[in-house]
Amino acid sequence: MRVLIIGATGFIGFPVAQAFVRAGHIVYGQTRSAAKAKQLAAEEIIPVVAETQDTASYLPPLIPKLDAIIDAVGGTDIRTLSGTLLSATADAIKAYRSPSASKLTYIYTSGTWVHGENREEVMSDGSPLGTMAELISWRPAQEQRVISHPDLNGIVIRPSLLYGRSGSILAMYFRKAHAEGKVEWPGTPGGRLALVHCDDLAELYLLAAEKATIARGQIFDGTNDVNESTDAFLQRLVEITGAKGPYQYTAPANLFEKALSTTSILRPYLGRALLGWRPRKAGLLDHLDIYYQAWRTSEGLM
């Protein structure tokens, strides 16, 4: 396959791009940074240096030969960009793609926070969505636009909280523990963390693209089988960092922290049943010392 990954140097996009390369596919990686383009090239990923919203500079020459596009964009303007990318892709297909070409696969990255706060019921990929944080309340509508698009093999993947490598969102809490000796988390005690290692998540994207004929129109929760205790994670972080205990919960100070404090007890099945996806990495608690040291090394602190 020929695959374009938009946001290819991000915490989701980069492992996904690497997974496709290892599987033997031709991978184009969009990045806004010329410096990061070298990082992509070193991984046998063909760099596409362009602003994400400047789709006219990179979609027309690629659309005729692509098999799949993966939207792995992050950032504060993600709501606008998600809509822009989907519309621009559909327009480029009509303008530049041969009618005889196979239908393009389009994988949109959402998130499991859309399940909303629920500390009592176990939910899975197809469960009705609850009341979710304001920050991501727009996502379900975008999910539906993707999977129902007539010109695309639309697929949605909802990653949960990522761990491994340079830490993703957890990095800011590792940093605070390291630099200030404090372990804090927004929300209230008794919560649960839905988690997935970035490498396991990358495998889900690969399987969904390779099996798009059966994955199209589906929404997959990309998360481990077992949720982990937030309290246990924070206590273990105190222990391995030498931070001053006890850990503390804080009132969410902004929309992001409100979303992060969400507890959803998830038991996904669709990725396993349709695609044969099996997360293989150790859980966050079991190898937290290893994941913390990986973050320290990525920060040049070792």
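- Legend: residues meeting side chain to side chain donor-acceptor pair (under 3.5 Å) with Asp54, ordered by chain and number and at least two apart, are Ser57.
- By the neighbour-count criterion of 12 heavy atoms within 6.0 Å, atom NZ of Lys211 is densely surrounded, having more than that number from other residues, nucleotides or ligands.
- Electrostatic pairing of Arg2 and Asp67 does not count as a salt bridge here, judged by no charged N lying under 4.0 Å from a carboxylate O.
- Closest of all the heavy-atom pairs between Ala8 and Gly29 is CB-CA, 3.4 Å.
- In summary, of the residues considered (Leu85, Ile69, Val48), a side-chain contact (heavy atoms from CB on, under 4.5 Å) with Leu59 occurs for Ile69 alone.
- The side chain to side chain donor-acceptor pair (under 3.5 Å) test applied to Arg165 returns Asp199, not counting sequence neighbours.
- Residues Ile107 and Val21 share a single hydrophobic cluster, defined by chaining ILVMFWY side chains whose heavy atoms lie under 4.5 Å apart.
- When each of Thr223, Asp221, Thr263 is paired with His115, the side chain to side chain donor-acceptor pair (under 3.5 Å) condition holds for Asp221 and for no other.
- The hydrophobic cluster containing Val238 also contains Leu285, counting ILVMFWY residues as joined when their side-chain heavy atoms lie under 4.5 angstrom apart, directly or transitively.
- Here Arg97 contributes atom CZ and Lys103 contributes atom NZ; the two are 11.0 Å apart, rounded to the nearest 0.5 Å.
- Hydrophobic cluster membership differs between Val226 and Leu201, with clusters built from Ile, Leu, Val, Met, Phe, Trp and Tyr side chains linked at under 4.5 angstrom.
- Listed by chain and residue number, nothing satisfies the side chain to side chain donor-acceptor pair (under 3.5 Å) test with Ser168 (two or more places apart in sequence, or in another chain).
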In a table with atom names and distances, give each donor-acceptor pair under 3.5 Å that connects a side chain of residues 244-254 to protein atoms at least two apart or in another chain.
| from | atom 1 | to | atom 2 | distance (Å) |
| --- | --- | --- | --- | --- |
| Tyr249 | OH | Asp231 | OD1 | 2.3 |
| Asn254 | OD1 | Phe256 | N | 3.2 |
| Asn254 | OD1 | Glu257 | N | 2.8 |

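- The minimum heavy-atom distance between Glu210 and His25, with the atom names listed, is OE2-NE2, 2.8 Å.
- Contact of the Asp151 side chain with the Lys94 side chain is registered, since non-hydrogen atoms from C-beta on lie closer than 4.5 Å.
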Apply side chain to side chain contact (heavy atoms under 4.5 Å, CB included) to the pair Phe11 and Ile169, showing each step before the final yes or no. CA-CA 9 Å; Phe11 195 75; Ile169 289 174; over 6 Å; no

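- Counting non-hydrogen atoms of other residues, nucleotides and ligands closer than 6.0 Å to CD of Glu44 gives a total of 12 or fewer.
- Under a hydrophobic-cluster definition in which Ile, Leu, Val, Met, Phe, Trp and Tyr are linked whenever side-chain heavy atoms come within less than 4.5 Å, directly or via other members, Ile70 and Leu86 are assigned to different clusters.
- Relative orientation of the Phe233 and Phe174 rings is tilted, given thresholds of 30° and 60° on the angle between their planes.
- Minimum interatomic distance between Asn224 and Pro268 (heavy atoms only, all atoms of both residues): O-CD, 3.8 Å.
- Within a 6.0 Å sphere centred on CZ of Arg296, heavy atoms belonging to other residues, nucleotides or ligands number more than 12.
- In terms of hydrophobic clustering, with Ile, Leu, Val, Met, Phe, Trp and Tyr side chains grouped at heavy-atom distances under 4.5 Å, Tyr291 and Leu193 are assigned to a common cluster.
- Hydrophobic side-chain contacts under 4.5 Å tie Ile265 into a cluster, directly or through other members, with Val122.
- With sequence neighbours excluded, the residues forming a salt bridge (Lys or Arg N to Asp or Glu O under 4.0 Å) with Glu299 are Arg175, listed by chain and number.
- Between His178 and Trp295, the ring-plane angle classifies as perpendicular under the 30° and 60° cut-offs.
- Across all their heavy atoms, Gly271 and Asp125 have their closest contact at N-OD2, 4.4 Å.
- Other residues, nucleotides and ligands place no more than 12 heavy atoms under 6.0 Å from the NE2 atom of His287.
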Derivation and outcome, side chain to side chain contact (heavy atoms under 4.5 Å, CB included), residues Trp113 and Leu260: CA-CA 8 Å; Trp113 284 344; Leu260 184 59; 3.8 Å; yes

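- With respect to Tyr108, the side chain to side chain donor-acceptor pair (under 3.5 Å) criterion is satisfied by exactly one of Glu143, Arg145, His149, Arg139: Arg139.
- Between Tyr173 and Trp185, the ring planes are tilted. Angles from 30° to 60° get that label.
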Take Gln39 and Thr31 through the test side chain to side chain contact (heavy atoms under 4.5 Å, CB included) and record every step on the way to the result. CA-CA 10 Å; Gln39 176 189 15; Thr31 178; over 6 Å; no

